[in-house]
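Working notes, structure below.
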Number of protein chains: 2
Amino acid sequence: MAREMIRQGGRTARIQKEVHQATRALLAEIERGELTVPMIAERAGVPPSTIYRRWGDLAQLLADVAVERLRPIADPDDTGTLAGDLDAFVVQYAEEMSSPVGRRLLRDVLADGETDTSATKCCRFTYDHLEVIAGRALCRGEAGFDVGQAIDRVFAPIVYHILFGDRDVGPEFCRQLLTTVEFGGLRAAA
Amino acid sequence: MAREMIRQGGRTARIQKEVHQATRALLAEIERGELTVPMIAERAGVPPSTIYRRWGDLAQLLADVAVERLRPIADPDDTGTLAGDLDAFVVQYAEEMSSPVGRRLLRDVLADGETDTSATKCCRFTYDHLEVIAGRALCRGEAGFDVGQAIDRVFAPIVYHILFGDRDVGPEFCRQLLTTVEFGGLRAAA
DNA sequence: AACGCTAACGCAAATAATTTGCATTTAGTC
DNA sequence: GACTAAATGCAAATTATTTGCGTTAGCGTT
């Protein structure tokens, strides 16, 4: 996004909502390469200049929309055990991100060249989710794990292969990566 | 790139060279967001329509240029030992890719939404380089290593942190990642 | 070395996207 | 309720992109 929002209420918020909604709807209907700002503007019922003024360009708008879609709506599922929580989260993450929609979201987030706050936010979601899972394990009296290490050993390879398209990231691959995570220590600094 | 080149010689090749050169020169002078196709066309001495016809749009041209710049010009340095070869390659890779120029190249390659051949090519460079290093080690009588595993455990985390901008990837971090690679086995399938 | 075929090109007109100035609306504050 | 600056709508100006068409030139064939 071009800049942080200052006004939160009324018209400003409504326009943001409608532009986001129009963008999502159009992304579901047409190819990414066909999408244009005037197209979104018409669907949202606002003049194109409003979009350019608020978001700068299409890439930044798409990044903004993508971050919202990647933002988790709830805590990760609680399966009762650390191993179960991690397995469920990782497999679901890989499945969502490797889908055509997920890949596009990932790329949209990274394509925003202006401020890389989009990318950083997005990667924080994963970090926070893992923190919740780790905290839960400690509460249960289970061993903890290093969140930074889990990112490096499990999520980074998954994202790498999705982005570069050089191999599939099915459940088997995810579980193999999971076996390399070391459990037992308290949370150490990354 | 929009499509595979059919003609290799003469004018076609010269225009490709001049457009690439103009793009590189302009990228060094101005911000990525300021760069436009007509600007490149003028510098290269060709009409903009030629660029649009051959590359489709700016993103695809930038991806094409980025792939060329990421293409290694020589085999990785031979330091005499596998550990030395890997250390040198990884540290240099992280340094180059985490620089502002490297980050931009990486993002340009990934931003090309049309065909992800750019990204796949680019990731193949790393794979091939590691194959050379592994082959060399075997020739010396040293232990080999699994190239796929090295990508997952070392390069993927480096690229992840560069792209998402959530931490630095200095030599210490690279060397720590390197310690997780298992040596000894012959090359196994990824 | 000349010939034919067609990809690739240059040019310019047509279309579409982006920027910008200015008047108006409105969210947030006192 | 009045004030102030952010945010918007509108329309003109600018810039980028697409497209039709005639020309050039690479490449295979003879």
Side-chain angles (χ1 to χ4, degrees), chain A residues 1-23 25-27 29-65 68 108 111-115, chain B residues 1-23 25-27 29-65 68 108 111-115:
Chain A
M1 213 152 98
R3 61 194 173 299
E4 286 317 306
M5 195 80 49
I6 310 230
R7 297 189 173 181
Q8 293 301 331
R11 181 172 64 170
T12 296
R14 189 182 68 248
I15 286 181
Q16 152 140 346
K17 198 182 72 179
E18 285 177 3
V19 168
H20 274 224
Q21 185 177 325
T23 305
L26 285 168
L27 278 174
E29 295 174 18
I30 65 178
E31 287 305 310
R32 160 67 198 280
E34 311 298 321
L35 191 62
T36 65
V37 170
M39 214 178 279
I40 296 170
E42 189 189 16
R43 175 78 64 109
V46 300
S49 59
T50 293
I51 295 183
Y52 289 118
R53 282 226 165 85
R54 263 182 76 173
W55 283 277
D57 60 18
L58 181 59
Q60 289 179 77
L61 169 57
L62 289 176
D64 190 37
V65 171
E68 288 313 306
D108 285 345
D112 175 10
E114 298 305 312
T115 59
Chain B
M1 214 154 93
R3 62 193 174 300
E4 287 316 307
M5 193 82 47
I6 309 232
R7 298 191 171 178
Q8 294 300 332
R11 181 171 63 170
T12 297
R14 188 180 71 249
I15 286 181
Q16 151 139 348
K17 199 182 73 180
E18 285 177 4
V19 168
H20 274 225
Q21 185 177 326
T23 305
L26 285 168
L27 278 175
E29 294 173 19
I30 64 179
E31 286 305 309
R32 160 66 198 280
E34 311 298 320
L35 191 62
T36 65
V37 171
M39 213 179 278
I40 296 170
E42 188 188 18
R43 176 76 64 108
V46 300
S49 60
T50 293
I51 294 183
Y52 288 117
R53 281 226 164 84
R54 261 182 79 172
W55 282 278
D57 59 18
L58 181 58
Q60 290 180 77
L61 170 57
L62 290 175
D64 190 38
V65 170
E68 287 314 304
D108 285 345
D112 175 10
E114 299 304 314
T115 58

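Every chain is numbered from 1 and lettered A, B, ... according to where its sequence line falls, protein lines coming before strand lines. Predicted, not measured: the structure shown is a model, and the values here were computed from it.
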Listing time: all N or O pairs from protein to nucleotides 1-4 of chain C that are below 3.5 Å?
none

**Complete:** Separation of D/dA7 atom C1' from A/I51 atom CD1, nearest Å, is 14 Å
**Fill in**
When rounded to whole Å, the CG to P distance for the pair B/D57 and D/dT19 reads 13 Å
**Message:** Are the side chains of B/D57 and B/V37 in contact, using a 4.5 Å heavy-atom criterion?
**Reply:** no
**Request:** Quick one: list whatever passes salt bridge (charged side-chain N to carboxylate O under 4.0 Å, His left out) with B/R32, sequence neighbours left out.
**Result:** B/D108
**Prompt:** Would you say B/T50 reaches C/dG10's phosphate, i.e. side-chain N/O to OP1/OP2 under 4.0 Å?
**Reply:** yes
**Prompt:** Considering residues at least two apart in sequence or located in another chain, which fulfil the side-chain contact (heavy atoms from CB on, under 4.5 Å) criterion with B/E68?
**Reply:** B/H20, B/R71
**Message:** Without decimals, in angstroms, what is the distance between B/R11 CZ and C/dA8 P?
**Reply:** 10 Å
**Message:** Between the base of D/dT8 and the side chain of A/R54, is one N or O donor paired with an acceptor at under 3.5 angstrom?
**Reply:** no
Would you tabulate the side-chain donor-acceptor contacts of residues 39-50 of chain A under 3.5 Å, counting partners in other chains and residues two or more places apart, or write 'none'?
unit_1	atom_1	unit_2	atom_2	d
A/R43	NH1	A/E29	OE2	3.2
A/R43	NH2	A/E29	OE1	3.0
A/R43	NH2	A/E29	OE2	3.3

**Message:** Expressed as a whole number of angstroms, how long is the span from A/R14:CZ to C/dT26:P?
**Reply:** 8 Å
**Message:** Would you compute the distance between atom OG1 of B/T23 and atom CD of B/E18 and round it to the nearest 0.5 angstrom?
**Reply:** 11.5 Å
**Bracket notation of DNA chain C in which parentheses pair within the strand, [ ] cross earlier pairs, and | pairs with another strand (Watson-Crick or G-U, under 3.5 Å)** = ||||||||||||||||||||||||||||||
Review item, nucleotides 20-23 of chain C N/O atoms under 3.5 Å of protein N/O:
unit_1	atom_1	unit_2	atom_2	d
C/dG21	N7	A/R53	NH2	3.3
C/dG21	O6	A/R53	NH1	3.3
C/dG21	O6	A/R53	NH2	3.1

**Message:** Taking the side chain as everything from C-beta on, heavy atoms only, tell me whether B/L62 gets closer than 4.5 Å to B/L35.
**Reply:** yes
**Request:** Scan residues 32-48 of chain A against DNA chain D and write down, sorted by residue number, each residue with any heavy atom closer than 4.0 Å; if none is found, say none.
**Result:** A/V46, A/P47
**Asked** Whole-Å distance between C/dC9 P and B/W55 CH2?
**Response** 7 Å
**Under the side-chain contact (heavy atoms from CB on, under 4.5 Å) test, residues paired with A/E31 that sit two or more places apart** = A/E34
**Message:** Distance check needed: D/dG26 P versus B/I15 CD1, whole Å only.
**Reply:** 10 Å
